[in-house]
Amino acid sequence: MLVQFTVKNFRSFKDEVTLSLVASSIKERVDENTLAISENLSLLKSAVIYGANASGKSNLFHAMRFMKQFIQNSSKETQAKEKINITRFKLSTETEDAPASFEIIFIYEGIRYRYGFAVDEERVHAEWLFYVPGKQEVEIFTRMKQDFNLTKHFKSEEDLVKGERVRVRSNALLLSVSAQLNGKIARKIVEWLSRFNCISGLRSDSHANAAFSLMDEEEGRNAILEFLKDADTGIEDVKKVENKASIDEFPPYMHKFFTDKSKENNFFRINIKTYHPKYNKKKEIVDSIPFDMMDDESAGTQRLFELSGAIINTLKEGKVLVVDELAARLH
């Protein structure tokens with residue numbers, strides 16, 4: 001569960017900005033969108049960020065996505081000689097020499113973690129990890145550039161940062177390197193991050209595959225159908241249909257990608273069919289009429305279908321989902 005995310009000196013954020021999902025003490029609608037973690041802590045199940053154009057909504061999304069991707073990729077050898085792809089705040093002399101910083105607080109398997117780092121294009125300036133195994137927050141490790149302080153909870157990683165050959169590069173995160181080598185605590189954090197998904201509402205192809213995959217199973221198809229029904233789309237059924245297609249049905253510019261052997265084979269075009277009830281004069285249902293999702297349904301209904309897989313998977317698996325431009329094409 002996500003508790004809090006903080007970013008500073010990144011894109012349009014000069015000062016520190018925090019998104020907190022800690023619920024306030026307001027009791028109204030408390031059962032609908034809050035989850036009691038302990039006697040003193042309740043978290044919001046969902047939140048929406050509103051704001052004017054250029055107010056930083058998308059940049060908060062980009063900050064979350066950067067943090068996840070950097071943790072997952074910084075230990076890879078392909079990143080060894082590359083600069084860190086970070087965009088710091090550009091409109092102030094106060095921050096032009098300072099690193100961008102990111103911190104995330106979350107709860108996974110009943111334990112609360114607080115992890116963060118500060119980076120510029122060249123190196124990791126700071127990194128820290130704390131957790132709460134009991135009632136008090138406990139330090140696991142801290143780092144200032146290439147000076148590492150490991151507590152007893154991270155002693156098994158000493159060979160990564162001590163001695164003549166430090167195995168953690170200046171442009172890599174200790175957490176990432178430890179996770180790659182199956183460090184127990186680091187693996188837990190990276191495991192949780194794999195359940196933290198950031199998707200853009202403007203690029204549907206990147207996440208529509210989740211909906212197509214769900215359609216392969218009856219349980220998933222039924223879940224998508226209920227999702228579309230709850231949105232009042234008028235759809236009474238939905239099916240995944242495979243139709244044979246020939247190379248001539250593909251645009252000419254794509255023909256060069258087919259080999260002579262593949263041209264001889266049958267291709268299959270996957271369509272999503274929706275079904276709407278047909279009524280007679282007495283308002284009685286007399287038939288069920290198939291529609292093509294991409295040709296006949298509205299842009300909003302298509303958008304709901306594209307999002308359905310990610311949303312259903314998040315709810316079913318207990319993940320975190322952040323969607324930029326959620327309202328795109330929805331009315």
Side-chain angles (χ1 to χ4, degrees), residues 1-8 10 13 16-24 33-49 57 59-75 100-119 124 126-143 150-151 153-154 157 173-180 182-199 207 310-311 313-324 326:
M1 290 168 284
L2 177 64
V3 178
Q4 181 175 295
F5 176 79
T6 300
V7 60
K8 181 180 180 181
F10 177 78
F13 299 123
E16 185 174 278
V17 172
T18 296
L19 170 66
S20 173
L21 294 183
V22 176
S24 70
N33 195 42
T34 60
L35 183 66
I37 304 302
S38 66
E39 184 178 347
N40 300 316
L41 177 64
S42 292
L43 297 179
L44 298 176
K45 297 177 183 177
S46 61
V48 180
I49 300 174
K57 301 185 299 299
N59 283 339
L60 186 64
F61 166 84
H62 287 306
M64 292 178 174
R65 187 165 62 178
F66 169 82
M67 183 177 198
K68 175 181 177 176
Q69 291 177 343
F70 189 56
I71 292 171
Q72 292 177 325
N73 297 323
S74 75
S75 64
S101 64
F102 307 81
E103 183 180 82
I104 194 165
I105 301 174
F106 63 93
I107 298 172
Y108 186 45
E109 295 183 345
I111 297 178
R112 179 169 170 166
Y113 297 89
R114 178 166 67 90
Y115 173 72
F117 57 82
V119 297
V124 176
E127 187 180 1
W128 58 92
L129 175 61
F130 295 79
Y131 78 149
V132 185
K135 294 184 178 180
Q136 301 294 323
E137 185 177 74
V138 176
E139 178 183 326
I140 296 177
F141 74 82
T142 55
R143 168 189 186 180
L150 309 185
T151 67
H153 308 282
F154 222 59
E157 269 70 9
L173 297 169
L174 169 58
L175 182 79
S176 302
V177 177
S178 174
Q180 190 177 46
N182 291 317
K184 184 177 179 181
I185 294 178
R187 285 296 305 168
K188 284 290 182 185
I189 295 173
V190 173
E191 187 177 280
W192 182 83
L193 279 169
S194 70
R195 304 165 62 85
F196 182 89
N197 297 316
C198 301
I199 63 176
H207 53 270
I311 292 174
N313 180 260
T314 298
L315 294 172
K316 183 179 179 180
E317 302 293 333
K319 299 180 179 180
V320 176
L321 178 65
V322 181
V323 186
D324 188 29
L326 175 64

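Not measured: the values here are computed from a predicted model. Quick note: numbers below take in every heavy atom, side chains included, and nothing from hydrogens, waters or symmetry partners.
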Hey, could you give me the [atom1]/[atom2] distance between [X] and [Y], rounded to the nearest 0.5 Å?
{"X": "Tyr108", "Y": "Ile189", "atom1": "OH", "atom2": "CD1", "answer": "11.5 Å"}
{"X": "Met1", "Y": "Leu44", "atom1": "CE", "atom2": "CG", "answer": "12.5 Å"}
{"X": "Ile71", "Y": "Leu173", "atom1": "CD1", "atom2": "CG", "answer": "6.5 Å"}
{"X": "Leu175", "Y": "Arg187", "atom1": "CG", "atom2": "CZ", "answer": "10.0 Å"}
{"X": "Ile111", "Y": "Lys188", "atom1": "CD1", "atom2": "NZ", "answer": "8.0 Å"}
{"X": "Gln69", "Y": "Leu193", "atom1": "CD", "atom2": "CG", "answer": "11.5 Å"}

Using a 4.5 Å cut-off on heavy atoms from C-beta on, say whether the side chain of [Y] contacts that of [X].
{"X": "Leu43", "Y": "Val3", "result": "yes"}
{"X": "Leu41", "Y": "Ile107", "result": "yes"}
{"X": "Glu191", "Y": "Glu109", "result": "yes"}
{"X": "Cys198", "Y": "Phe61", "result": "yes"}
{"X": "Thr6", "Y": "Val17", "result": "no"}
{"X": "Leu129", "Y": "Ile185", "result": "yes"}
{"X": "Leu21", "Y": "Gln4", "result": "no"}
{"X": "Val119", "Y": "Phe10", "result": "no"}

Practice problem: In sequence, state the C-alpha distance, the side-chain angles, and the governing distance for Met64 and Leu19, and then conclude on side chain to side chain contact (heavy atoms under 4.5 Å, CB included). | Solution: CA-CA 11 Å; Met64 292 178 174; Leu19 170 66; 3.5 Å; yes

Practice problem: Tell me, with the steps shown, if Leu60 and Val7 meet side chain to side chain contact (heavy atoms under 4.5 Å, CB included). | Solution: CA-CA 8 Å; Leu60 186 64; Val7 60; 4.2 Å; yes

Quiz item: Is there a ring-ring contact (aromatic ring centres under 6.0 Å, His included) between Phe130 and Tyr113 once you walk through the steps?
Solution: CA-CA 6 Å; Phe130 295 79; Tyr113 297 89; over 10 Å; no

Please check this pair: side chain of [X] against backbone of [Y], looking for a donor-acceptor N/O pair closer than 3.5 Å.
{"X": "Arg195", "Y": "Glu317", "value": "yes"}
{"X": "Glu127", "Y": "Gly116", "value": "no"}
{"X": "Thr18", "Y": "Ser20", "value": "no"}

Quiz item: Is the ring centre of Phe106 less than 6.0 Å from the ring centre of Trp192?
Solution: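 Yes, ring centres under 6.0 Å apart.
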
Practice problem: Run the numbers on Phe70 and Phe102 for ring-ring contact (aromatic ring centres under 6.0 Å, His included), then give the verdict. | Solution: CA-CA 11 Å; Phe70 189 56; Phe102 307 81; 8.5 Å; no

Quiz item: Please walk me through it: do Met67 and Phe117 pass side chain to side chain contact (heavy atoms under 4.5 Å, CB included)?
Solution: CA-CA 9 Å; Met67 183 177 198; Phe117 57 82; 3.8 Å; yes

Could you verify whether a donor N or O on one side chain and an acceptor N or O on the other, from [X] and [Y], lie under 3.5 Å apart?
{"X": "Ser42", "Y": "Thr34", "answer": "no"}
{"X": "Asn197", "Y": "Thr314", "answer": "no"}
{"X": "Lys319", "Y": "Asn313", "answer": "yes"}
{"X": "Glu139", "Y": "Tyr131", "answer": "no"}
{"X": "Ser176", "Y": "Ser75", "answer": "no"}

Exercise. Could you pull out the closest heavy-atom pair between Gly183 and Glu157, with the gap in Å?
Key: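 Closest approach of Gly183 to Glu157, heavy atoms only: CA-OE2, 3.3 Å.
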
Quiz item: Leu150 and Phe141: which non-hydrogen atoms are nearest, and at how many Å?
Solution: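 That would be CD2-CB, 3.6 Å.
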
Quiz item: So does Lys45 have more than 12 non-hydrogen atoms from other groups sitting under 6.0 Å from NZ?
Solution: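 For Lys45, atom NZ is crowded (more than 12 foreign heavy atoms under 6.0 Å).
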
Quiz prompt | Presence of salt bridge, Glu16 and Lys8, under 4.0 angstrom | solution =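 Looking at Lys8 and Glu16, the cut-off is not met.
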
